[in-house]
There are 2 protein chains.
Amino acid sequence: MTNRRAGVGLLLSLAFVLSACASTAPSAVVGDPLPSWNDGAVKTAILAFVRRVTTEGGPDFVPVEERIATFDNDGTLWAEQPVIEGMFAVARAHAMVAAEPTLRNRQPYKAALEGDFATLMRDGAKGFLELFTATHGNLSQEDYEAAVRAFFREARYPKLGLPIAQVTYRPMVELLEYLRVNRFKTYLCSGGEIDFMRMISRDFYGIPPEQVIGTQFKKEWVERDGRWIIWRKSEIALINDQAGKPVGIDLHIGRPPVFAAGNVRSHGDVAMLTYSRGRRGPSFQLLINHDDGEREFAYQEADDGSLNAARANGWTIVSMKNDWKQVFSKPSVGHQ
Amino acid sequence: MTNRRAGVGLLLSLAFVLSACASTAPSAVVGDPLPSWNDGAVKTAILAFVRRVTTEGGPDFVPVEERIATFDNDGTLWAEQPVIEGMFAVARAHAMVAAEPTLRNRQPYKAALEGDFATLMRDGAKGFLELFTATHGNLSQEDYEAAVRAFFREARYPKLGLPIAQVTYRPMVELLEYLRVNRFKTYLCSGGEIDFMRMISRDFYGIPPEQVIGTQFKKEWVERDGRWIIWRKSEIALINDQAGKPVGIDLHIGRPPVFAAGNVRSHGDVAMLTYSRGRRGPSFQLLINHDDGEREFAYQEADDGSLNAARANGWTIVSMKNDWKQVFSKPSVGHQ
C-alpha cells in the first residue's frame with residue numbers, strides 16, 4: 001500500500017519532463033562556512049547544532065563514527081521541475097527507439113516520445129512504471145552506466161538552459177561540505193535510482209558512490225559471452241521513497257542519521273526525517289520549502305503534509321526565498 | 001537456481017552448530033605490519049601489491065577513493081566450525097521457546113532444541129530455512145539487535161571454550177588494519193545476516209556498521225504503539241553468498257573491490273573473487289585454505305572448486321598451516 005503510493009510519487013516525477021521538454025566541487029571553507037545562506041534563524045540553528053554535537057565533553061557530543069547525514073536529492077540538492085532522472089528516461093527511450101525502430105509504435109515508448117501523458121498515467125500510472133523499468137532495466141550494469149554518463153555529458157536543464165551540474169543548490173552543496181569538515185559522513189538518500197545518482201554524486205556533491213542510497217533494481221551475477229557481469233533485471237527491488245527511505249537507510253547504514261534533509265513536494269522525506277528524529281541522542285531535520293517562484297520554482301503539497309509534520313516535530317523549515325542568498329551553483333541564474 | 005544453492009550452503013552452516021553444541025581492537029602498526037604472518041610468498045605478495053597500488057606516479061597506482069577491500073567473514077575472519085550465526089539461531093530458538101512454551105513441540109523449534117539434524121535437512125533443508133527466518137525475522141530491528149548483543153555477551157566458542165571475539169583470526173585482523181593504514185576502505189561481505197555482523201564489526205574488525213554487506217531480510221517502516229520503527233519480516237531479500245556476493249557489493253559499493261578475501265568451504269567466495277579480478281586495473285584476491293587441523297580445523301571442498309578457481313585465475317592461496325604464525329586473536333589457542 002505504502003509502496004504503491006511511493007511508486008506513484010516517483011512516477012509522477014516523470015510527468016514534469018514530458019510537460020517540459022560540469023562539475024562543481026565545493027570550495028574550501030574559510031570564514032563563514034555557509035556563505036550562500038542569509039543570516040537568520042535557520043542558518044543560526046544549523047551552526048549551533050553542529051557546534052553542539054562536535055563539542056567534546058558537551059552534553060550533546062556525538063562521536064565521529066556516529067556522525068551520519070542523509071540528504072534527499074530531487075528538490076533538496078538539485079532542481080526537480082522537471083525531475084532530471086525523468087529526462088534521462090525519455091532520452092533513453094529515444095535512444096532505444098533509434099536502435100530498434102519497431103519500438104516506436106509500442107508502449108510505453110510511443111507515449112514517451114510523443115509526450116502522451118494521458119496514456120502513461122492510465123491504470124494507476126502503469127505506463128510510467130513500464131517506462132521507468134524499460135529504460136533502467138534489462139541491460140548490463142556497464143551499459144547502463146555508459147548511458148547515464150552520456151546523458152549527463154549532453155543534457156541541459158529546461159527553462160534554465162544550463163548543464164545539470166549547475167542546477168544543484170549552492171547552499172546545500174556548502175552545507176554538505178560544512179558537515180564533512182565537521183567529520184560527518186554524508187549520504188544521498190533519494191527516490192532516484194541508486195546507480196543513476198552514483199555517476200555524479202562525487203563530482204556534484206563530494207559524495208562517493210558507496211554513500212548513495214536510492215531506488216534499486218533487482219540484479220544478477222551472470223555469464224555473458226564468457227564474461228561474468230552484473231545484469232540489471234526489469235524489476236524494482238526497493239523504491240527508496242516515503243516509507244522506503246528508512247528501510248534504505250537501515251540497509252545501507254544500519255542506524256538513523258543524526259542530520260537529515262529533505263523537501264516539500266510529495267511527502268517523500270517525511271519518513272526519513274521521522275526516522276532521524278527518533279534516534280537516541282541529538283538530531284537535526286531540515287525541510288526545504290520551494291517558495292521561490294522567481295529564482296527557482298514555487299510548488300506546494302495540496303495538504304501541506306510535510307510542512308505540518310515539520311511544525312509538529314520540530315524540524316527546521318528552509319525558505320528558499322528568504323534563507324538562501326543564492327540558489328544555484330551557477331551564479332545569478334533565474335528563469336530565462 | 002543459484003540462489004537455492006547459495007541458500008543450502010548457508011543453511012548447511014547451521015548443521016555444524018547442532019552437531020557441536022570481548023573485544024579485540026587492532027593494535028597500531030609499527031615495523032612489520034603483518035607480524036602474525038610467516039615470511040614467505042604470500043606475505044611478500046600482499047606487501048608488494050599494496051606498495052604497487054599506493055605508489056603515486058607508478059603504473060598501478062590506485063587513487064584513495066577507489067581503494068575498496070571486501071572480506072568474507074565465516075572462515076575468513078573468524079572460525080566457522082561451527083558457524084557462529086548458527087549458534088545464535090539455536091540460542092534464539094531456546095529463548096523463543098522459553099518465552100512461548102507451546103513452541104517447544106512445533107517445528108523448526110523442536111528440531112533445533114533437540115539437535116534433530118535429519119528433520120531440519122528434510123525437503124531441501126526446508127527446516128533450516130524456517131529456523132533461520134523464524135529466529136532472524138518477525139520482530140523489530142531494535143529487539144533483534146538486543147538479542148544479538150545478548151548472544152555475543154554470553155556465547156563461548158565450542159571446542160575452544162573462548163569468547164567469540166577471541167576466535168577471530170589475528171593475521172586477518174592485522175591485514176584489515178594494514179589495508180586501512182594504506183587508506184583502503186574495508187568492508188565485510190559475508191553470507192551472514194547483515195545486522196548480526198554489524199553488532200560486532202567495529203569491535204572485532206574495526207569495520208563500521210555501514211561497511212557491512214550481508215544476507216538481508218525484508219523490512220518495513222511501520223507504526224507500532226504510536227512509534228515508527230523498522231520491522232523485520234520473516235522473508236529473506238538477498239542471500240549474500242556465492243552469486244549473491246557481487247550483487248551485494250554492487251548494491252552497497254557500486255563497483256568491484258580492489259582487494260578481496262575469502263575461503264575454501266562451499267564455493268561461497270568464488271563469485272566475489274571473480275568480480276574483483278574482473279575490475280579494470282590492478283586487483284588482489286586472497287583465498288584461505290583451512291589446512292591446519294592442529295591449530296584450527298581442517299576441511300576441504302569435495303571438488304576443490306575454490307582452489308581450482310584460485311589456480312586458474314591467479315588468486316593467492318593462504319595456507320593457514322604455513323602462512324600464519326598464529327591463528328586466533330587469543331594467543332596460543334588450539335583444541336582443548
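Only this structure's heavy atoms are used, side chains among them; waters, hydrogens and symmetry mates stay out. All figures in this text were calculated on a predicted structure; none of them were measured in a lab. Just so it is clear: chains get the letters A, B, ... in the order the sequence lines come, proteins before strands, and each one is counted from 1.
- In this structure, no portion of Glu223(A) lies under 4.5 Å from any heavy atom of chain B.
- Heavy atoms closer than 4.5 Å to chain B are found nowhere in Lys245(A), neither backbone nor side chain.
- In this structure, the separation between CD1 on Ile253(B) and NE2 on His252(A) is 11.0 Å, given to the nearest 0.5 Å.
- Salt bridge annotation for Glu66(A)-Arg202(B): present, with a cationic side-chain nitrogen under 4.0 angstrom from a carboxylate oxygen.
- Closest heavy-atom contact between Lys185(A) and Pro208(B): NZ-CG, 4.5 Å.
- Ion pair Glu210(B)/Arg67(A) not flagged as a salt bridge, since none of the NZ, NE, NH1 or NH2 atoms sits closer than 4.0 Å to an Asp/Glu carboxylate oxygen.
- For Ile68(B), the part lying near chain A is the side chain, with the backbone staying farther off; criterion is any non-hydrogen pair under 4.5 Å.
- Of the two parts of Glu145(A), only the side chain, counted from C-beta on, holds a non-hydrogen atom closer than 4.5 Å to a non-hydrogen atom of chain B.
- To the nearest 0.5 Å, atoms CZ (Arg255(A)) and CD (Gln141(B)) are separated by 12.0 Å.
- The line from CG of Leu251(A) to NZ of Lys219(B) is 7.0 Å long, rounded to the nearest 0.5 Å.
- With a threshold of 4.5 angstrom between heavy atoms, Gln216(B) approaches chain A through side-chain atoms but not through N, CA, C or O.
- At least one side-chain heavy atom of Ile230(B) sits under 4.5 Å from a side-chain heavy atom of Pro246(A).
- Asp250(B) contributes atom CG, which lies 8.0 Å from atom CZ of Arg232(A) (distance to the nearest 0.5 angstrom).
- Contacts with chain A (heavy atom to heavy atom, under 4.5 Å) involve these residues of residues 270-280 of chain B, listed by number: Ala271(B), Thr274(B), Tyr275(B), Arg280(B).
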